[in-house]
Chemist: 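Have a look at this one.
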Amino acid sequence: MTAELPAGPLAGVRVIELAGIGPGPFAAMMLADLGADVIRVDRATEVDVSAFGTPHPDLLNRGRRSIGVDLKSAGGREVVLALAGGADALIEGFRPGVTERLGVGPTDCHAVNPQLVYGRMTGWGQDGPSAPYAGHDIDYLALTGALHGIGRAGQPPVPPMNLLGDFGGGGMMLALGVVSALYAVRAGAAGQVVDAAIVDGVAVLSTQIHALRQLGMWQDPRGVNLLDGGAPFYNTYECADGRYIAVGALEPRFYDELVRRTGFPLPPDEAPDRTDPANWPALRAAWARLFRTRSRDEWAALLTASDACVAPVLDWREAPEHPHLAARDTFVVRDGVVQPAPAPRFSGTPTSVRRPPPWPGEHTDELLAEAGYHPDRVADLRAAGAVR
């Protein structure tokens, strides 16, 4: 007998996800990881029944079931509204006004379910001069000032992949917004719209930098500050084997530990006062020369089991194998695929990867039956191309 997988803190919550890319699916993944029953509404044109039962590679879609729907058809609209009528939340990532034109916007959905939380994921937000236009993570970071602050001194800004905008400022904020609105509904409030804009989320994430500027502790040029690579004791260094070590010895006692363990500096280098930014270039050069004398793993063996605040810079393949991450099961294997485990962790309602990523339309009949559709009506919808 197969043991039941942990339910998670959102067990009993049903979420409808209108399929999109990037931050919307990430928010849906987070909710599914936390135990919600997430139904992904995929485009009917993407359904390939020959793929059913085989692993789908898109880990961002894990944990849910999929139904193939033509949102532009009357029958497809009917199906989405029927699903919304039995759900707690719906999330979508179209441009503003698209779901309204499809007949599945907030007003349409609240007409069938006044308590529905309607989550909207965009880059620019639902209003404002840029709202109608396309954009990507790098554009939203640029507008908020965050991109300006990422990079080396005297060099162009560096895109931090799409982790900061799409996933940190976007999908994570949408998931938090949906859960917060669900809490309000459980307390007696009506359903509402959650407008999650990446520009808003990234701006919130940068609050500390704005605070440091007000305190006179942050300069606007990039690469010259305490946390942006300007400080030699908060930086990365190349090692003898061409790999890198990350140093985060901010506090004096941690820096002292780093100095003690490494024997810094090498002759004839000196160890100038680290609190004076004028000394940082010389100090950085001295540390760089020292770290080039050993391999990354040699430094890691010497420094990581201490308060020196040093870690090896691992690649994507190495990370799951690191002893600390392995001990915590930070990565898990599901259906033979190594992937990040759900986070955060809960002592009483533990989470799990409960389902592999579905193929579009893999659960259409199952979900329509759960929504109360008679097999004859399902056959009619299939014949009309409204579902697949």
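Residue numbers run from 1 in the order of the sequence given.
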Chemist: Could you check whether any side-chain heavy atom of Leu325 comes within less than 4.5 Å of a side-chain heavy atom of Pro320, counting everything from C-beta outward?
Modeler: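 They are not in contact (no side-chain heavy atoms under 4.5 Å apart), so the answer is no.
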
Chemist: Quick one: does Asn113's side chain have a donor or acceptor within less than 3.5 Å of a partner on Ala87's backbone?
Modeler: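 Judged by distance alone, yes, a pair lies under 3.5 Å.
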
Chemist: Evaluate Phe167 against Asn162 for side-chain contact (heavy atoms from CB on, under 4.5 Å), listing each step before the verdict.
Modeler: CA-CA 7 Å; Phe167 300 121; Asn162 63 336; 3.4 Å; yes

Chemist: Between Asp37 and Arg65, does any NZ, NE, NH1 or NH2 come within less than 4.0 Å of an OD or OE carboxylate oxygen?
Modeler: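 The answer is yes: the pair qualifies as a salt bridge.
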
Chemist: Taking only Lys NZ, Arg NE, NH1 and NH2, and the carboxylate oxygens of Asp or Glu, determine whether Arg289 and Asp269 approach each other closer than 4.0 Å.
Modeler: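 Result for this pair is yes, salt bridge flagged.
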
Chemist: Is any NZ, NE, NH1 or NH2 atom of the basic residue among Glu362 and Arg355 found under 4.0 Å from an Asp or Glu carboxylate oxygen of the other?
Modeler: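 Between Arg355 and Glu362 there is no salt bridge, as every charged N stays at least 4.0 Å from the carboxylate O atoms.
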
Chemist: Is Glu257 salt-bridged to Arg261, going by a charged N under 4.0 Å from an acidic O?
Modeler: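 Arg261 and Glu257: salt-bridged.
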
Chemist: Do the side chains of Ile198 and Trp124 get nearer than 4.5 Å, heavy atoms only?
Modeler: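 Trp124 does not reach Ile198 side chain to side chain.
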
Chemist: Roughly how far, to the nearest 0.5 Å, is CG of Leu367 from CG of Leu83?
Modeler: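 Those atoms lie 7.0 Å apart.
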
Chemist: Would you check if there is a donor-acceptor pair between the side chains of Asp42 and Ser66 at a distance under 3.5 Å?
Modeler: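 Per modelled atom types, Ser66 and Asp42 side chains form a pair under 3.5 Å.
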
Chemist: On a heavy-atom basis, which atom in Asp241 and which in Ser295 lie closest, and how many Å separate them?
Modeler: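 The pair with the smallest heavy-atom distance is OD2-CB, 3.5 Å.
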
Chemist: Assess, by modelled atom type and distance only, whether the side chains of Asn279 and Arg274 contain a donor and an acceptor separated by less than 3.5 Å.
Modeler: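 No, because no side-chain N or O of Asn279 sits under 3.5 Å from a partner of the opposite role on Arg274.
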
Chemist: Take a 6.0 Å sphere around CZ of Phe264 and say whether it holds more than 12 heavy atoms from other residues, nucleotides or ligands.
Modeler: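 Counting other residues, nucleotides and ligands, CZ of Phe264 exceeds 12 neighbours.
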
Chemist: Less than 4.0 Å between a side-chain N and a carboxylate O, is that true for Glu17 and Arg64?
Modeler: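 Result for this pair is yes, salt bridge flagged.
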
Chemist: I need the minimum non-hydrogen distance between Ala341 and Val332, along with the two atoms involved.
Modeler: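 Heavy atoms only, the tightest pair is CB-CG1, 3.6 Å.
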
Chemist: Determine, for Asp297 against Arg243, whether the closest basic-nitrogen to carboxylate-oxygen distance falls under 4.0 angstrom.
Modeler: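 Salt bridge: yes.
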
Chemist: Checking Arg294 against Trp299: charged group under 6.0 Å from the ring centre and within 45 degrees of the axis?
Modeler: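 Relative to the ring axis of Trp299, which defines the angle, Arg294 lies inside both limits.
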
Chemist: Taking atom types as modelled and ignoring hydrogens, do the side chains of Arg62 and Gln339 form a donor-acceptor contact shorter than 3.5 angstrom?
Modeler: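 Their side chains do contain a donor-acceptor pair, which is all the 3.5 Å distance test asks for.
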
Chemist: Could you tell me if the side chain of Phe26 sits less than 4.5 Å from the side chain of Ile21, heavy atoms only?
Modeler: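 Ile21 vs Phe26: side chains apart.
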
Chemist: Ion pair present between Arg120 and Glu100, side-chain N to carboxylate O less than 4.0 angstrom?
Modeler: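 Glu100 and Arg120: salt-bridged.
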
Chemist: Where do Leu147 and Pro160 come nearest, in terms of heavy atoms and distance?
Modeler: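 Distance-wise, the nearest heavy atoms are CD1-CD, 4.3 Å.
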
Chemist: Flag yes if Tyr118 and Leu174 sit in one hydrophobic cluster, no otherwise; membership is Ile, Leu, Val, Met, Phe, Trp, Tyr, and two members link when side-chain heavy atoms are under 4.5 Å apart.
Modeler: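 Per the 4.5 Å side-chain linkage, Tyr118 and Leu174 are not co-clustered.
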
Chemist: Flag the pair Tyr237 / Trp287 as yes when their ring centroid distance falls below 6.0 Å, and as no otherwise.
Modeler: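 No, ring centres 6.0 Å or more apart.
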
